[in-house]
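Order of appearance sets the numbers: ligands from 1, and atoms from 1 within every ligand.
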Amino acid sequence: MTAALDPTTIAALLDAARDAATRAYAPYSHFPVGAAALLPDGRIVTGCNVENASYPLSICAERVAAAKVAELGERTIVAIAVTAPKMSPVTPCGGCRQVLNEFHPTDAPMPVILDAPDGPEFVTLDELLPRNFGRPVG
Ligand code: THU
């Protein structure tokens, strides 16, 4: 079953991403980010950025969410919302685009919902990562 991306679901994803952003561990950048991934069964899996004193070891919010999705045994992200209270809209970084692509639905686009002051903006992962190098199908 694929959960529909209706206004209620979009609002729930944005709420969850904003809530996750409040738990960001960002003592170096002071740039909190939250993400909320929608699973095919309607569950929402959140992530926040988690930084490290060794800066390159920091993990983006989207990648934390993706790792949690994988650990749940899930392999598909139907849609994902991203919020950064200090800069909106913010789009996933290049590395996160590639990681999210690993969870791309096989038969549908992956909407990326960008939190913004005047309402959410919608892009697809394929727009953010054209001609991508994807996982083997099958
Ligand atoms: N960051 C994310 O978590 N997601 C993005 O899409 C952009 C950047 C984090 C990484 C780092 O902790 C902070 O934002 C500043 O770059």
Side-chain angles (χ1 to χ4, degrees):
M1 180 189 74
T2 299
L5 202 56
D6 54 38
T8 305
T9 305
I10 293 166
L13 284 168
L14 287 166
D15 280 350
R18 291 175 191 142
D19 186 51
T22 68
R23 294 186 292 279
Y25 176 67
Y28 306 104
S29 72
H30 303 284
F31 190 82
V33 183
L38 179 66
L39 299 184
D41 65 5
R43 280 179 293 165
I44 291 174
V45 179
T46 57
C48 62
N49 51 332
V50 181
E51 297 184 347
N52 190 275
S54 179
Y55 295 176
L57 298 182
S58 302
I59 314 174
C60 293
E62 299 91 325
R63 256 179 271 190
V64 169
K68 288 170 67 180
V69 166
E71 193 279 333
L72 287 169
E74 299 291 336
R75 299 293 182 259
T76 300
I77 294 174
V78 172
I80 187 164
V82 184
T83 189
K86 291 187 175 174
M87 185 178 90
S88 53
V90 71
T91 56
C93 77
C96 285
R97 295 176 194 197
Q98 179 66 28
V99 169
L100 290 174
N101 194 54
E102 201 70 21
F103 299 85
H104 198 293
T106 54
D107 56 353
M110 186 197 292
V112 181
I113 305 163
L114 311 175
D115 199 7
D118 297 329
E121 295 182 17
F122 299 86
V123 293
T124 66
L125 186 60
D126 289 328
E127 289 170 333
L128 295 175
L129 192 69
R131 301 188 65 170
N132 57 71
F133 181 63
R135 64 177 169 179
V137 177

Check [X] against [Y] and note the closest heavy-atom contact, atom names and distance.
X: Val64; Y: Gly47; value: CG1-CA, 3.9 Å
X: Ala81; Y: Ala17; value: O-CB, 4.0 Å
X: Cys93; Y: Arg63; value: SG-NH2, 3.6 Å

With a cut-off of 4.0 Å, which atoms of ligand 1 are near a heavy atom of [X]?
X: Ser29; value: 13 (C), 15 (C)
X: Cys60; value: 1 (N), 2 (C), 3 (O), 4 (N), 10 (C)
X: Pro92; value: 6 (O)
X: Val33; value: 1 (N), 2 (C), 3 (O), 4 (N), 9 (C), 14 (O)
X: Cys93; value: 6 (O)

Answer side chain, backbone, both or neither: which part of Thr91 comes under 4.0 Å from ligand 1, heavy atoms only.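 Answer for Thr91: backbone.
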Closest protein heavy atom to atom 3 (O) of ligand 1, given as residue, atom name and distance to 0.1 Å: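 Result: Ala61 N, 2.9 Å.
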For atom 16 (O) of ligand 1, grab the closest protein heavy atom and report residue, atom and distance to one decimal in Å. Phe31 CD2, 4.6 Å
Mind checking whether Asn49 has an N or O less than 3.5 Å away from an N or O of ligand 1?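 Yes, since at least one N or O of Asn49 sits under 3.5 Å from an N or O of ligand 1.
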Can you check whether Phe31's main-chain N or O pairs, donor with acceptor, with Asn49's side chain at less than 3.5 Å? yes
Arg97 side chain to Pro92 main-chain N or O, any donor-acceptor pair under 3.5 Å? yes
My understanding is that only residues two or more places apart in sequence, or in another chain, count here; which of them pass ring pair (Phe, Tyr, Trp, His ring centres under 6.0 Å) with Tyr28? Tyr55
Does one hydrophobic cluster hold both Leu125 and Phe103, with members joined at side-chain heavy-atom distances below 4.5 Å? yes
Option nearest atom 6 (O) of ligand 1 (shortest heavy-atom distance, choices Glu51, Met87, Glu62, His30):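 Comparing heavy atoms across Glu51, Met87, Glu62, His30, the nearest one to atom 6 (O) of ligand 1 lies in Glu62.
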